[in-house]
Structure formats: C-alpha cells, structure tokens
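Because the structure is a prediction, the values reported are computed rather than measured.
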Amino acid sequence: MIDKKAFSDALANYKKDFVAGWWADENFKWEAVKCFQDNWNIDAEDFAEMIKRSLAKTYGLLASMNNFPRQMIEGFAEKAPDKVKMMFVCFV
C-alpha cells in the first residue's frame, strides 16, 4: 500500500521545488502540451492547418541535429492529409 501522507508530502515538495527551481526553464514543455491539447481535433476540416496549430509551440522539442519531424509531418499533412490522418486514427 502507498502511504498517502508520505506521498502527499513528497508531491507537495516536488511541486515547490519544481516551481522554484525548474519552471522558468521548463514551462515551454507544458505550454507545448497545452497547445496540442487545445488544438488537436482528428476530425478537423483542414487537417493540415490543425496539425500546424497543434504543434505550434513545440519549438525545439520536435527538432534535433538535422532532423525536423514537425516540419515533415506538417508537409506530409499538406500534401496528403487523408493519409496522415489515417496514421493517427490507427493508433487512437
């Protein structure tokens, strides 16, 4: 069994330390997730535009040394929105 008091105390300390020590450097990740959640709609009329809005705040999270997955998925969604949509539908 989990000691609920110990867990609650640990969670409170984590939140305090996170806000004080990490939030300024890490909040962009939470903003990216929120942006995705606010904009994702698998049934969007303009699927390519919805993908762009959903990923708009990912910045460097979806890019690394000569790899640009955000730009690639956006480009594929513009060229073949139905095929890209099906890739997401199959995994939902």
- Message: Whether the side chain of Asp43 engages the backbone of Asn41 through a donor-acceptor N/O pair (distance < 3.5 Å, no angle test) should be reported.
- Response: no

- Message: Could you tell me if the side chain of Leu62 sits less than 4.5 Å from the side chain of Ile73, heavy atoms only?
- Response: no

Side chains of Ile51 and Trp40, heavy atoms from C-beta outward: is any pair under 4.5 Å? yes

Which atom names give the shortest non-hydrogen contact between [X] and [Y], and what distance separates them?
{"X": "Ala48", "Y": "Ala77", "answer": "CB-O, 3.5 Å"}
{"X": "Arg70", "Y": "Leu55", "answer": "CD-O, 3.4 Å"}
{"X": "Lys85", "Y": "Ile42", "answer": "CE-O, 2.9 Å"}

Here the salt bridge (charged side-chain N to carboxylate O under 4.0 Å, His left out) pairs for residues 45-57, sequence neighbours left out, are Lys52-Glu78

What donor-acceptor contacts under 3.5 angstrom involve side-chain atoms of residues 7-16, with partners at least two apart or in another chain?
| residue | atom | partner | partner atom | Å |
| --- | --- | --- | --- | --- |
| Asp9 | OD1 | Lys5 | NZ | 3.1 |
| Asp9 | OD2 | Lys5 | NZ | 3.0 |
| Asn13 | ND2 | Asp9 | O | 3.4 |

Phe36 CZ: over 12 foreign heavy atoms closer than 6.0 Å:
yes

Do you reckon Val84 sits in the same ILVMFWY cluster as Phe68, going by side-chain contacts under 4.5 Å, direct or chained? no

The residue among Val33, Asp38, Asn39 that forms side-chain contact (heavy atoms from CB on, under 4.5 Å) with Cys35 is Asn39

List the atom pairs, donor and acceptor, that lie under 3.5 Å between side-chain atoms in residues 20-28 and the rest of the protein, sequence neighbours left out.
| residue | atom | partner | partner atom | Å |
| --- | --- | --- | --- | --- |
| Glu26 | OE1 | Lys29 | NZ | 2.5 |

